[in-house]
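Each remark here refers to the structure printed beneath this line.
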Protein chains: 2
Amino acid sequence: MSNKDERNSISEVTWDDYMPGISIDCVIFGYHKKELKILVLEYKKSGIFALPGGFLRKNEELKDATERVLFERTGLSDIYLNQFHTFGSLKRADTKPMQSVLKKNQVPFEENHFLLQRFVSVSYYALVDIKRVEPVADELSDSCKWYDTDTLPPLMLDHREIFETALKHLRNNINRNVVGMNLLDESFTMGELQNLHETILSEKLNRTGFHRKMMLSGRLKRLGKKKTGKAHRSPFLYKFLDA
Amino acid sequence: MSNKDERNSISEVTWDDYMPGISIDCVIFGYHKKELKILVLEYKKSGIFALPGGFLRKNEELKDATERVLFERTGLSDIYLNQFHTFGSLKRADTKPMQSVLKKNQVPFEENHFLLQRFVSVSYYALVDIKRVEPVADELSDSCKWYDTDTLPPLMLDHREIFETALKHLRNNINRNVVGMNLLDESFTMGELQNLHETILSEKLNRTGFHRKMMLSGRLKRLGKKKTGKAHRSPFLYKFLDA
DNA sequence: CTTTATTGTTACATAATGTAACAATAATAG
DNA sequence: CTATTATTGTTACATTATGTAACAATAAAG
């Protein structure tokens with residue numbers, strides 16, 4: 001199960017192998033106990049928090065680069081990915097946070113260090129099964145952890161805006177089954193699916209209407225019943241038909 | 001009315017002032033006589049067609065750069081703009097078409113000429129009133145013209161894919177009033193609005209249903225009647241309330 | 001066996017949408 | 001002036017989707 005060693009193996013690659021000016025940022029959503037969470041990095045002792053990100057190699061497809069970044073942080077390689085926006089504000093040109101990070105890491109750097117430039121960030125959101133993820137921090141960070149989206153720490157640069165834009169797109173996307181397929185177990189009860197929708201939308205939904213809509217959508221297959229051990233009728237299990 | 005002289009004034013700016021590796025491509029939609037059109041550049045005598053595009057200056061906001069590009073091609077500065085996707089395929093790294101363009105233009109170039117690199121393209125679509133546009137070609141092109149989207153010439157690199165993705169996003173966006181607001185005159189009849197929707201969607205719509213839906217949406221204001229000179233009841237004029 | 005909690009189902013009201021018919025009216029032809 | 005024609009605005013009704021409440025089923029606990 002553990003592939004942490006293989007990850008972060010950028011040793012043979014130098015900054016020269018990367019496209020300048022282009023970065024990739026990822027909002028990695030997970031779901032557990034009625035809470036929507038994202039992965040956040042904390043840079044070593046600097047109190048600076050950031051979204052997981054990376055850069056594009058000169059001979060690499062944009063999507064492949066994103067999958068590589070995601071693999072390095074999560075250990076997963078079959079992840080649902082959605083490119084939702086590219087951020088190019090001049091606010092992003094402020095290199096002070098990254099200078100502070102490099103100092104804290106005692107990395108010697110010149111003014112023209114690769115990390116100290118303006119990056120235009122192509123941003124993706126990802127949906128993952130939180131139980132399959134083994135978060136690993138990158139070289140400059142000492143933690144990569146799940147944070148409840150309701151209580152995020154202050155994020156560096158425009159990363160808060162990136163997260164909020166991602167959430168907006170996720171909410172618009174919630175009717176596609178990929179959302180359930182990647183955030184829930186393979187099989188789930190109708191109640192669990194409704195809880196997921198309510199958490200993402202921050203809105204209570206009507207039980208009967210939700211049930212009917214899901215069944216009429218034709219995207220669910222009903223499996224057997226699930227013994228919950230609770231004192232009431234046992235619910236059916238469902239799974240998504242492939243998109 | 002003519003501001004063609006002020007446009008294309010990049011004389012004081014050198015390639016050094018631009019971010020490397022990042023380009024901006026624009027799908028500029030217009031509408032005339034039940035036809036959806038886009039602006040396409042033809043490079044001088046090379047038979048190579050491309051979407052209007054440009055580059056991002058080092059001290060420039062991404063959106064400002066796009067508005068600058070649009071102003072240079074159309075002369076308009078108050079344009080509806082939507083960033084819909086960023087294209088980073090390795091297919092884009094093929095510099096042969098651009099080399100051919102430079103040769104045809106008798107521009108001497110080295111292998112490391114700014115235009116001969118891999119660009120990641122941040123792409124926008126724009127909606128404009130075709131009557132207000134005075135298309136102007138750039139230095140390397142000899143024409144910038146409207147083409148019916150049903151009969152586009154073959155486009156360079158992945159520009160065909162960029163156009164198709166833009167059209168998909170426009171179709172999803174058609175219910176926002178910006179679509180009508182920027183592609184039609186300020187006031188229009190219900191029939192003209194329906195024709196626009198049908199053209200964009202490539203689909204016949206029901207007249208009664210369309211009329212009712214538009215009126216119930218609360219986004220239209222009914223003005224006076226319009227004399228058409230035709231032998232039938234004269235239609236009302238409508239305008240969009242501000243979004 | 002009764003109670004309790006939650007799920008599945010049915011029923012009915014309301015709203016949205018599809019479709020057809022009809023009424024209004026501006027120009028034209030006689 | 002009247003009838004005709006073409007297109008628009010409106011109304012009516014059927015169909016479908018959605019909101020809401022009531023009821024039936026049932027697994028565990030008392």
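Quick note on labels: first sequence line is chain A, next is B, and so on, each numbered from 1.
The distance between atom CG of A:Leu205 and atom P of D:dT18, rounded to the nearest whole Å, is 13 Å. For B:Asn206 and D:dG9, the CG to P distance is 14 Å, given to the nearest whole Å. To the nearest angstrom, C1' of C:dT6 lies 16 Å from CZ of A:Phe210. In this structure, the NE2 atom of B:His197 is 16 Å from the C1' atom of C:dT17, given to the nearest Å. Atom CE in B:Met190 sits roughly 9 Å away from atom P in D:dT10 (whole-Å rounding). Here the C1' atom of nucleotide D:dT15 and the CG atom of A:Leu216 are 14 Å apart, to the nearest Å. Distance, B:Lys225 NZ to D:dT8 P: 12 Å, rounded to whole Å. A:Met214 has its CE atom 13 Å from the C1' atom of D:dT18, to the nearest Å.
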Which side-chain N or O atoms in residues 205-220 of chain A pair as donor and acceptor under 3.5 Å with protein atoms at least two apart or in another chain?
from	atom 1	to	atom 2	distance (Å)
A:Asn206	OD1	A:Thr208	N	3.1
A:Asn206	OD1	A:Gly209	N	2.7
A:Ser217	OG	A:Met214	O	2.7
A:Ser217	OG	A:Arg219	N	3.2
A:Ser217	OG	A:Arg219	NE	3.3
A:Arg219	NH1	A:Asn175	O	2.4
A:Arg219	NH2	A:Asn175	O	3.3

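Of the side-chain N and O atoms in B:Ser234, one or more sit less than 4.0 angstrom from OP1 or OP2 of C:dA26. For D:dG9, one of the phosphate oxygens OP1 or OP2 lies less than 4.0 angstrom from a side-chain nitrogen or oxygen of B:Tyr238. Distances shorter than 4.0 Å separate none of the side-chain N or O atoms of B:His232 from OP1 or OP2 on C:dT25.
A salt bridge links B:Glu35 to B:Lys37: at least one charged side-chain nitrogen sits closer than 4.0 Å to a carboxylate oxygen.
If you check distances only, the side chain of A:Arg207 does reach the base of C:dG8 with a donor-acceptor pair under 3.5 Å. With hydrogens and angles ignored, a donor-acceptor pair closer than 3.5 Å exists between the side chain of A:Arg233 and the base of C:dT7.
Relative orientation of the B:Phe29 and B:Tyr125 rings is perpendicular, given thresholds of 30° and 60° on the angle between their planes. Taking the six-membered ring for Trp and thresholds of 30 and 60 degrees, B:Phe49 and B:Tyr147 have ring planes more than 60 degrees apart, a perpendicular arrangement.
With D:dG9, D:dA21, C:dT7 as the choices, the nucleotide that has an atom nearest any side-chain atom of B:Arg222 turns out to be D:dG9.
The residue A:Thr189 sits apart from the nucleic acid: no heavy atom pair falls under 4.0 Å.
Both A:Gly229 and A:Arg212 sit near DNA chain D, but only A:Arg212 has its closest nucleotide nearer the 5' end.
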Intermediate values then yes/no, side chain to side chain contact (heavy atoms under 4.5 Å, CB included), A:Phe188 and A:Leu196: CA-CA 11 Å; A:Phe188 46 85; A:Leu196 171 65; over 6 Å; no

